[in-house]
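Read the numbers this way: they start at 1 and go in the same order the structure lists the ligands and their atoms. What you are looking at is a predicted structure, and each value in this text was computed from that prediction instead of being measured.
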Amino acid sequence: MHEKGLLIVLSGPSGVGKGTVRKEIFSQPNTAFQYSISMTTRAPREGEVDGIDYFFRKREEFEEMIEQGKLLEYAEFVGNYYGTPVDYVKETLERGKDVFLEIEVQGARQVREKFPDGLFIFLMPPSLTELKNRIVTRGTETDDVIQNRLQAAKEEIEMMNLYDYVVENDQVERACEKINAIVIAEHCRRERVESRYKKMLEVE
Ligand code: 5GP
């Protein structure tokens, strides 16, 4: 019997660089996490590929997934739906693999209710000015969307208290190192491992 995997949730305000940090983590050849590809109703940005970056779906298809209970969580964010297909997450955890979600904060709150022993990491911008710069320089959004995203970000930062760890994204590599270290430490947490060692004592 292998242990179940760990559900790792990386969240934080819009524009903090969750996507960049996640891509950096998954570009590392030795990463042991399985990425859960989200479903969204937003249009693909240039270079984004269906089934790799997201499952891009029509609104009706997304709402059907909601009705059928096939999403672990979902949220409407700046006019589009985003959600996590539940089957992949459950099956992968059962196989003993760690699953990595990169989602916004409303979704993270739903996951916390369903998986209270998941590992919740909040990615924090070094400052609000920095956050605004990042949203603006991404250059893919209109002024209205930028304003909406900044407002959403301020509200999102207030939800930090739902998380186990806070990692400042001052430098992508450093943020990734911290996340990897947190996951390693979490796997050694006494509550997670003690039953295994108690069984060992029973045998010897
Ligand atoms: P973007 O449109 O920039 O790719 O993503 C917008 C926001 O949606 C980001 O904060 C991203 O982390 C979040 N997001 C991506 N996938 C999911 C998901 O499956 N569920 C939720 N709740 N948020 C998601």
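- The proximity of Arg42 to ligand 1, defined as any non-hydrogen pair under 4.0 Å, is limited to the side chain.
- Not a single heavy atom of Ser14 sits less than 4.0 Å from an atom of ligand 1.
- Atom CG of Leu131 and atom OG of Ser14 lie 7.0 Å apart (nearest 0.5 Å).
- With a 4.0 Å cut-off on non-hydrogen atoms, Gln110 does not touch ligand 1 at all.
- A salt bridge between Arg134 and Glu130 is present, with a side-chain N of the basic residue lying under 4.0 Å from a carboxylate O of the acidic one.
- With a heavy-atom cut-off of 4.0 Å, Lys18 touches ligand 1 through its side chain alone.
- For Glu73, every heavy-atom contact with ligand 1 shorter than 4.0 Å involves the side chain, none the backbone.
- The ligand atoms of ligand 1 that sit less than 4.0 angstrom from a heavy atom of Gly107 are 22 (N).
- Within the structure, every pair that satisfies the salt bridge (charged side-chain N to carboxylate O under 4.0 Å, His left out) test and touches residues 66-86, not counting sequence neighbours, is listed here: Arg59-Glu76.
- With sequence neighbours left out, the salt bridge (Lys or Arg N to Asp or Glu O under 4.0 Å) criterion links Arg189 to Glu186.
- With contacts defined as side-chain heavy-atom distances shorter than 4.5 Å, the pair Ser38/Tyr82 does not qualify.
- In terms of polar-atom proximity, Gly83 is counted as a contact of ligand 1, with an N or O under 3.5 Å from an N or O of the ligand.
- Residues Arg57 and Glu64 are not paired through a salt bridge, judged by the lack of any N-O separation under 4.0 Å between the basic side chain and the carboxylate.
- Heavy-atom contacts from other residues, nucleotides or ligands closer than 6.0 Å to CZ of Phe122 number more than 12.
- Comparing heavy-atom distances from atom 23 (N) of ligand 1 across Glu102, Glu48, Glu104, Glu156 singles out Glu104 as nearest.
- Within ligand 1, counting atoms from 1 as listed, the ones closer than 4.0 Å to a heavy atom of Thr84 are 19 (O).
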